[in-house]
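What's counted below: heavy atoms across the whole structure, side chains too, no hydrogens, waters or symmetry copies. These numbers were taken from a predicted model, which means no experiment stands behind them. Residue numbers start from 1 in every chain, and the chains themselves are labelled A, B, ... in the order their sequence lines are given, proteins ahead of strands.
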There are 2 protein chains.
Amino acid sequence: MDTPAPRRTRIQQEKRELILEAALEVFSTNGFRGSTIDQIAEAAGMSKPNLLYYFRRKEDIHETLMQRLLDTWLAPLRELDDIGDPLTELRSYIRRKLEMARDFPRESRLFANEILQGAPRIMPMLEGELKTLVDEKAAVIKGWMRAGKIAHTDPWHLIFSIWATTQHYADFDVQVRAVLGPNRGGDGRFEDAARFLEQLFIDGLKPKT
Amino acid sequence: MDTPAPRRTRIQQEKRELILEAALEVFSTNGFRGSTIDQIAEAAGMSKPNLLYYFRRKEDIHETLMQRLLDTWLAPLRELDDIGDPLTELRSYIRRKLEMARDFPRESRLFANEILQGAPRIMPMLEGELKTLVDEKAAVIKGWMRAGKIAHTDPWHLIFSIWATTQHYADFDVQVRAVLGPNRGGDGRFEDAARFLEQLFIDGLKPKT
DNA sequence: CTAACGTTTGTCCAACCGGTCAAAAATTTG
DNA sequence: CAAATTTTTGACCGGTTGGACAAACGTTAG
């Protein structure tokens, strides 16, 4: 076990949670080096030494945040299942990922920041756990292709393209809103995106006729 | 004019270019706040005060880099033209964007960093120049749809999805390589990506039969 | 009440960082 | 050559940052 059962009182649990919430906000908008302990402490409503009583180092906060993130972040892909209609299965995977971009944009940006900087803190996880999971799901998709249920193509790049298109609405949100303008850039943009992505992945761009 | 003809000697031109090249490397991997003048100076092979002789403030380097970037970054979209077959036109736009992700990954990451942090320095450009250009090209695409040349869908989100999928191979490069592994993550990954994206955007995932 | 334990904070420090400055070194000009 | 100009650097400064520490404060159990 990596975690040697760190006994914590109820108040410690709560304060740690408060700090993590504040840190998510700060880290996701300023990056790791761009964020200061003072900023996080203020966002959490406590003094810097007090924060350092719960997390000894700035990096400990980031690490805890990252570990927790990765669990929930890959949940949608884990759910991708061999049972059920392949196209339906893919459609709901895309929808789930898009909902995560809408509901947890900070988590998405935190992850994007880490990858952009070369993933110095989570590289082993990418090459291990993540690669294993993706390979496994790629095999499932390959099965669907062999069964003639979906078109033959590269399953890995298919997964990449789903990640890219959905996370784009969290990571590049400011750009999306700026380009769409005040009218179309409102809350409806996620429904528009869902409609578009469904059509793109299922039908492509060829005209029906 | 914004640039009041800043008279520069040949040696100044060269040194400034050297600094910008070094700064691109450093900024794109560490972000603006995560980069130090010392890092850039060392990468450029000169002392910090010497660097500050050519660019008075750290932000001036970043600004110059960003201005230069935006010109070349939108060139492929500018080339998207009403002449020629729509599907062919879109295919070559996708190919050009993917080639830029392959050949200029640092520029892509620099841009991604800026957007991730809320685009504090280029927001006016996004709402102005960029929005105008995208709206213009969206109109072109809408024309193709009305003419029955490509399927009806949302042109803006179509453009977003092309940006997202292609830039993914620059911004998330470490993740792509980690997941593909040593075999498939080599130089061939861009050809694989090109093949996949072409199929995705042109044909979708529905089986042929 | 009081001793023990968990929590909070003011103060301090060393390292770092962006930027200045004057003086030295190199280069150009007459 | 020598004067003028441009380029380079070492030393320095004020502000910030991550983190240490001991003292104060609060809470709970005996």
Check [Y] with [X], please: is the shortest side-chain N to carboxylate O separation under 4.0 Å?
| X | Y | answer |
| --- | --- | --- |
| B:E63 | B:R56 | no |
| B:R68 | B:E17 | yes |
| A:R95 | A:E79 | no |
| B:R189 | B:D192 | no |

Grab the [atom1]-[atom2] distance between [X] and [N] for me, whole Å please.
| X | N | atom1 | atom2 | answer |
| --- | --- | --- | --- | --- |
| A:E14 | C:dG6 | CD | P | 17 Å |
| A:K15 | C:dT9 | NZ | C1' | 12 Å |
| B:D38 | C:dT20 | CG | P | 15 Å |
| B:Y53 | C:dA26 | OH | P | 16 Å |
| B:K58 | C:dT20 | NZ | P | 14 Å |
| B:Q39 | C:dC17 | CD | P | 7 Å |
| B:R56 | C:dC21 | CZ | P | 11 Å |

- Note on the structure: Within residues 40-50 of chain A, the residues having a heavy atom closer than 4.0 Å to DNA chain C are A:S47, A:P49, A:N50

Donor-acceptor list for residues 24-31 of chain A side chains, cut-off 3.5 Å, not counting sequence neighbours:
unit_1 : atom_1 : unit_2 : atom_2 : d
A:E25  : OE1    : A:R106 : NH1    : 2.7
A:S28  : OG     : A:L24  : O      : 2.8
A:S28  : OG     : A:E25  : O      : 3.2
A:T29  : OG1    : A:E25  : O      : 3.2
A:T29  : OG1    : A:V26  : O      : 3.3

For the residue pair [X] and [Y], does the interplanar ring angle fall in the parallel (under 30°), tilted (30 to 60°) or perpendicular (over 60°) class?
| X | Y | result |
| --- | --- | --- |
| A:W73 | A:F111 | tilted |
| A:H168 | B:F160 | tilted |
| A:Y169 | B:H157 | tilted |

- Query: What is the nucleic acid contact for A:I37, judged by heavy atoms within less than 4.0 Å: base, sugar-phosphate only, or nothing?
  - Reply: sugar-phosphate

- Message: With heavy atoms of chain A within less than 4.0 Å as the criterion, where does contact along DNA chain D begin and end?
- Response: D:dT17 to D:dC21

- Quick one: which of A:M100, A:R102, A:K97 gives a side-chain contact (heavy atoms from CB on, under 4.5 Å) with A:T166? A:K97

- Query: Between A:Q12 and C:dG6, does any side-chain N or O lie under 4.0 Å from OP1 or OP2?
  - Reply: no

- Message: I want to verify a distance call: between C:dG19, C:dT8, C:dC17, whose nearest atom is closest to the A:Y54 side chain?
- Response: C:dT8

